[in-house]
Enquirer: 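The structure follows.
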Amino acid sequence: MEEFVTLPDLASRALGGGVVHADDEFFAAADHLVLPQPPVFAPRTFDHKGQVYDGWETRRRREPGHDTAVVRLGAPGVIRGVDIDTAFFTGNYPPHAAVDGLAVDGYPSPAELLAAEWTPLVPRSPLQGDSRNLFAVTEKRRFTHVRLTIFPDGGVARLRVHGTSVPDPRLLPEVFDVAALAHGARITGCSNMFYGHPGHMLMPGLAQHMGDGWETSRRRDDANDWVTVGLAAPAEIVLADLDTTHFKGNAPGWASLRGSEDGQEWFDLLPRVALRPDTPHRFPVRAGRVAAHVRLDIFPDGGMARLRLHGRPVAGYLEDQFRRHTDGL
């Protein structure tokens, strides 16, 4: 499995991604492409157009051409790889596909997007049916949209666009959540993720259920569980939000936060505090120091729905990152 699949899906509906154009959706809507849930299939489930598919499916072409769908990324950024998932499409998957990227400001119309000059990310490549088709991307620029082209027609269950978010600093307030995945934060280490990946804690919005958070197995020793986060920008943290919503019989008893400029030497941000089940906890932080990394320790184990770290980033950092990945756009 390619390493890029561990990176966030920038196109996911969970981050605000959406399909803004599809030239054919006869059998199944292109909106399925960006759903965060794995595709499912119920055999012999028919509607008035045929077998129901959890994916995008176009009609059979009777003339030369291809079909396209344009996706607005929920978190614009640098794309490291794409996953064209043809799960459950067996005799009706496209034999080939290509992916292109586009970087634009604002909210262009579908007509403006179709007329724009796109950058090739994945050349026309063969696909396998009922499979995850993984393609690495080497382009280092920031993109806001991707275009999936299938040749000549058929069905694709999901399009995952894995990469690193690069936010536009002009659209951010002076103090914001520097631990948000949508702003470029990332998980850099974790002691245990038996029941839930720690990346869930960095997702936008409220957790929907207990599975939409980080949860460890039960400890049978004297140690504790922890996770480290690379922040969206080096920042002075002013407010921490430790949310145990939905975790009732398995919330941690206590938690603490430490910060680091280099990921090696750590200083206290929030001393060990007691936590309550199924509760958003908000704590002021007055460390007076800049952190580029934060370590959350939970004692001894358990689950956390969301981690928010509101901070004031170092002046110029986000502007430099944005400029570096936009070629002056």
Enquirer: Output the distance between atom CZ (R59) and atom CG (D24), rounded to the nearest 0.5 Å.
Expert: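 Answer rounded to 0.5 Å: 4.5 Å.
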
Enquirer: At their closest point, which heavy atom of F135 faces which heavy atom of S125, and how far apart are they?
Expert: CE2-CB, 3.5 Å

Enquirer: How far apart are the C-alpha atoms of D153 and R61, what are their side-chain angles, what is the distance that settles it, and do they pass the salt bridge (Lys or Arg N to Asp or Glu O under 4.0 Å) test?
Expert: CA-CA 6 Å; D153 53 42; R61 281 191 164 270; 5.5 Å; no

Enquirer: Do D23 and T68 get their side chains close enough for a donor-acceptor pair, meaning under 3.5 Å?
Expert: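 A donor-acceptor contact under 3.5 Å links the two side chains.
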
Enquirer: Any heavy-atom pair between the side chains of P169 and P167 that's under 4.5 Å?
Expert: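 No, their side chains stay 4.5 Å or more apart.
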
Enquirer: Got a list of side-chain donor-acceptor pairs under 3.5 Å for residues 272-280, not counting sequence neighbours?
Expert:
| from | atom 1 | to | atom 2 | distance (Å) |
| --- | --- | --- | --- | --- |
| D278 | OD1 | H246 | N | 2.7 |
| T279 | OG1 | P277 | O | 2.6 |

Enquirer: If you measure only the distance, is there a donor-acceptor pair under 3.5 Å linking the side chains of T188 and T228?
Expert: yes

Enquirer: Step by step, would you call H197 with W214 a side chain to side chain contact (heavy atoms under 4.5 Å, CB included)?
Expert: CA-CA 5 Å; H197 194 281; W214 171 46; over 6 Å; no

Enquirer: Can you name the closest pair of heavy atoms from S260 and E265 and give their distance?
Expert: OG-O, 2.8 Å

Enquirer: Kindly say whether W226 contributes a backbone atom to a donor-acceptor pair with the side chain of S191 at under 3.5 angstrom?
Expert: yes

Enquirer: Any chance the side chains of E215 and N250 put a donor and an acceptor closer than 3.5 Å?
Expert: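 Yes - a donor-acceptor pair under 3.5 Å links their side chains.
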
Enquirer: Tell me whether the centres of the aromatic rings in F88 and Y53 are closer together than 6.0 Å.
Expert: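 Here the rings of Y53 and F88 have centres that are no less than 6.0 Å from each other.
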
Enquirer: Is the positively charged end of R142 above the ring of F322, judged by distance under 6.0 angstrom from the centroid and angle within 45° of the axis?
Expert: no

Enquirer: Where do D105 and R170 land on the salt bridge (Lys or Arg N to Asp or Glu O under 4.0 Å) test, with the steps shown first?
Expert: CA-CA 11 Å; D105 286 330; R170 297 170 296 180; 3.6 Å; yes

Enquirer: Would R258 and F267 count as a cation-pi pair here, with the cationic atom under 6.0 angstrom from the ring centre and within 45° of the axis?
Expert: no

Enquirer: Go through it in stages, so that I can follow the logic: the residues are D47 and K49, the test is salt bridge (Lys or Arg N to Asp or Glu O under 4.0 Å), and I'd like the CA-CA distance, side-chain angles, deciding distance and then a yes or no.
Expert: CA-CA 5 Å; D47 64 11; K49 289 187 177 179; over 6 Å; no

Enquirer: CG of N133 to CG of L159: how many Å apart, nearest 0.5 Å?
Expert: 11.0 Å

Enquirer: When you look at V71 and V161, which way does the side chain to side chain contact (heavy atoms under 4.5 Å, CB included) test go after all the steps?
Expert: CA-CA 10 Å; V71 174; V161 182; 5.9 Å; no

Enquirer: Measure the CZ-NE2 distance between R186 and H293 for me, rounded to the nearest 0.5 Å.
Expert: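 Separation between the atoms: 6.5 Å.
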
Enquirer: Return yes if some donor-acceptor pair links the side-chain N/O of S109 with the main-chain N/O of E112 below 3.5 Å, else return no.
Expert: yes

Enquirer: When you compare the side chain of V229 with that of L296, does any pair of heavy atoms fall below 4.5 Å?
Expert: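 No, side chains not in contact.
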
Enquirer: So, are D225 and R219 salt-bridged, with charged N and O less than 4.0 Å apart?
Expert: yes

Enquirer: So that I can tick it off, tell me whether E174 and R312 are bridged by a salt bridge, with the cut-off set at under 4.0 angstrom between side-chain N and carboxylate O.
Expert: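 Yes, this pair counts.
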
Enquirer: State which residue, out of R132, R160, H162, R158, fulfils the side-chain hydrogen bond (donor to acceptor under 3.5 Å, both in side chains) condition with D83.
Expert: R132

Enquirer: Might you confirm whether atom CD of Q37 has over 12 heavy atoms from other residues, nucleotides or ligands at distances under 6.0 Å?
Expert: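 Atom CD in Q37 is packed in, count exceeds 12.
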
Enquirer: Hey, would you say the F176 and H183 ring centroids sit under 6.0 Å apart?
Expert: yes

Enquirer: Just by distance, with hydrogens left out, do T245 and D243 show a side-chain donor and acceptor under 3.5 Å apart?
Expert: yes

Enquirer: Can you tell me if T216 and D301 form a side-chain donor-acceptor pair at under 3.5 Å?
Expert: no

